[in-house]
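Remember, it's 1-based here, ligands and their atoms both numbered in the order they're listed. Sequential numbering from 1 along the given sequence is applied to the chain's residues. Quick caveat, the model's predicted, so the values are computed rather than measured.
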Amino acid sequence: MADSLSLVVLISGRGSNLGSLIAACTSGQINGRITHVISNVPTAGGLALAEDAGIPTSVVDHTRFESREAFDQTLNATIRKKPTDIVVLAGFMRILTEQFVRSWQPRMINIHPSLLPLYPGLNTHQRAIDNGDAHAGASVHFVTPQLDGGPVIVQSRVDIEANDTAVTLARRVLTGEHVIFTLALEWICSGRVVCHNNSVMLDGNPIRTPPCIYREQLLPDGIDHG
Ligand code: GRF
């Protein structure tokens with residue numbers, strides 16, 4: 001088996017996605033090691049999850065910086081204190097500067113709670129409900145300078161129920177987030193997924209329509225076997 005990759009995870013909140021990634025690295029599903037967890041919020045619940053798992057943590061508090069550029073420079077220096085293969089944005093609620101993104105492209109991934117390209121940005125679940133959509137979901141994508149606009153690796157999808165609120169919908173979508181984030185990192189760390197010329201390649205084939213997990217079943221029919 002190839003050497004395990006070194007993952008740095010950036011968070012801003014409770015860290016449930018981080019928790020699922022820690023479990024998958026521990027079980028061996030992901031051939032990777034989370035070497036550092038960094039939060040921009042000193043009170044983020046995910047910091048305790050990391051500490052309980054023996055993972056070093058840092059806080060780079062964005063409120064202490066005068067500009068986005070200054071924050072990003074310190075954040076990048078903090079990441080680069082340790083050898084890092086992949087930067088993982090797991091509920092990291094800061095917009096990153098183009099310079100920062102380019103310095104990691106294509107080695108940075110993000111989870112976003114919508115079926116991209118629908119609803120980049122905030123309040124995704126309320127926007128899907130207000131639009132009368134039948135489905136909502138989540139996407140894992142490589143990060144490019146365009147906000148939530150990078151190539152998608154895998155998605156998960158749930159039905160929107162008639163009585164759903166943004167809170168109930170977010171809860172169901174989150175279950176799928178944990179599955180697809182783990183799967184995307186499993187694929188990246190085993191070398192099955194790479195980003196080449198801004199396209200996602202799975203097993204050497206370009207993904208045109210990202211694979212989608214519905215009711216936790218992987219539907220492979222979105223994969224172009226070329
Ligand atoms: C997730 O819904 C993620 O998609 C969004 O922020 C939330 C983070 O949740 N960007 P957690 O901190 O991983 O529990």
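Atom CG in D72 sits 3.5 Å away from atom OG1 in T97 (nearest 0.5 Å).
For ligand 1 and G91, the ligand atoms under 4.0 Å from any heavy atom of the residue are 6 (O), 8 (C), 10 (N). Remark: ligand 1 atoms within the under-4.0 Å shell around heavy atoms of P113 are 4 (O), 10 (N).
Residue contact check for ligand 1: G15 places a non-hydrogen atom closer than 4.0 Å to it.
Counting only residues at least two apart or on different chains, no ring-ring contact (aromatic ring centres under 6.0 Å, His included) pair has a member in residues 109-138.
Open room surrounds CD on Q99; 12 or fewer heavy atoms of other groups in view lie less than 6.0 Å from it.
Remark: minimum distance from atom 11 (P) of ligand 1 to any protein heavy atom is reached at S16 N, 3.4 Å. Closest to atom 9 (O) of ligand 1, if we only count protein heavy atoms, is R14 NH2, 3.2 Å.
Note on ring orientation: taking the six-membered ring where Trp is involved, the planes of F92 and F71 are parallel (angle under 30°, cut-offs 30° and 60°).
When only interatomic distances are considered, the shortest N/O to N/O separation between E177 and ligand 1 falls below 3.5 Å.
Here the closest non-hydrogen pair linking C189 and L5 is CA-CD1, 3.9 Å.
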